[in-house]
Amino acid sequence: MQITQNVICLEALKYLSETTQHKCKTAIEIYQDKDGMRTDDINALAGQRGDKKGGDVWTSFYDKVKEVKDYHRRFSVNQGMPEQQNSEWFYQRAFESDKTDTLFSGEEDLGKRVDMLELFSAFLNIKKITTQRRTSFREATFVRLKKKSPDLEPTDPEVEQTVQKEFHELDYIEWLKTFDQFHDISRYAKYREKPYLEYLEGLIGYLRGFLLRTQPLVNVEQLEQQFEKEFEERWADRSIPGWQEATHKDKLFCLPSNKLFNGEAVMKSYQTGKQYKKKVSELQKLSFDEQKQLVATTEEEDKKVAQLESRSAKWHDLLSDTIIETLSFLQKKQSQTVEEMEAEREASDDDEDMSDGEDIGSGAEGEDEDRPIYNPLNLPLGWDGKPIPFWLYKLHGLGTEFKCEVCGNYSYWGRRAFEKHFQEWRHAFGMRALKIPNTSHFKEIVKIEEAITLYEKLKRDADEQTFRPDQDVECEDIQGNVMSQRAFEDLRRQGLV
Ligand SMILES: [Zn+2]
């Protein structure tokens, strides 16, 4: 129940900090005295009366006393507010506003796991992506079969039969593992594709909301500013994986219709049509500046998609521990028998019964020791094995940014994430693009130039280490002088040894 308590406490803290800010604002307004009420009050204390009739300190004082008494006669219990609002009172209010019960779906289990089935089905409903997946599987199958029988034609029924037998649709677990690898999706399925844009917006909405629900104190606006800043930089130097090339430079792109095609044949047949000719003549009527404007619009279109992808990837990174936890949970469920599931459910029911009667803050902690610790922000673990508080994380400078050029100037926050990333897909992808094997020699190398230089040096070293008899074999002449075989041969040919 540690997690529930964690979320409840954070919610309470959020309530308290918001209330404090609200009170401070009111105090500032009172001191600024825009409505003049404070001045009136002070004047009244000094004996002045609002109606300008004569009076003194005492008459004003008794007037006030009468006013106060009247007020309390009319509103008996001060509208339900106690006379004094002390810290205890605010503490109680903070926990009264707890709504964690309704905050999470059953699958999310109070924020331990993500529940993204809806987004998964939105993904499956993007037709171009599903078709693309099947087509590439078919192509790979053909290549594989052709190795065995070189005369095979792509249209051979054997290819289709094998595809029928072996192809399986993407499942939830596979999708959850890979949904941040947007560069694997072809541009054709992205460019001016409303379903894809909506899917990305859904991803961002869910992940951002999930983080807010589990970590209500995190300053998301600040995070988002960081995301945007980084994105703009990476976009400017065209270093985002999958977006190095603009759509309008693709040879399957047709500017007059602002359309990206899936294959040459489809494009050719489109270009013989009437509609296309009309579009071309429209384009020709445009001025040079207007044509340039048209190209700029396609770039804007690219940027919009890339920006949404990069934002989703960032939220994904922040929640990666929760996503990994979800994956291992799902994989475990998949391998469990019905009996095991039943037994586990019963055990967890017992658990809840036991902790029901307990106060917040006093602990069921002992029971939770074996459970994975909830840590959506990848905070480092403290001495007690639990994530350190967010403010401490900031204090320790663990919010430090590490940029990696190989990853397309992607930023990693904190040493741990940075070190881990050398084995992860984004870095591996960058290295593959440079045609350099991602071996341990290249750990900690983030500059493309350095990676290339090192790779060349390693290749040279490897060359030198291979055995070349003319240089590496040592010979001795009659006097006992040691030299390489080549030198010996030279001397011998000249008749000197
Ligand atoms: Zn990297």
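Atoms within each ligand, like the ligands themselves, are counted from 1 in listed order. In this chain, residues are counted from 1 in sequence order. Fair warning: this is a prediction, and the values are worked out from it, not measured in the lab.
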Check for a donor-acceptor pair, side chain of Arg113 on one end and backbone N or O of Glu325 on the other, with a separation under 3.5 Å.
no

Member of Glu228, Glu224, Glu230 meeting the salt bridge (Lys or Arg N to Asp or Glu O under 4.0 Å) criterion with Arg311
Glu228

Quick check on side-chain contact (heavy atoms from CB on, under 4.5 Å): which of Glu160, Lys165, Gln164, Glu166 does Thr162 satisfy it with?
Glu166

Quiz question: by atom type and distance under 3.5 Å, do the side chains of Glu309 and Trp243 form a donor-acceptor pair?
yes

With a cut-off of 2.8 Å, how many protein N, O or S atoms neighbour the Zn ion (ligand 1)?
4

Test ring-ring contact (aromatic ring centres under 6.0 Å, His included), reference His421, set Phe402, Tyr410, Tyr412, output is Tyr412

Please report the shortest heavy-atom distance between Leu211 and Trp315, naming the atom on each side.
CD2-CZ3, 3.7 Å

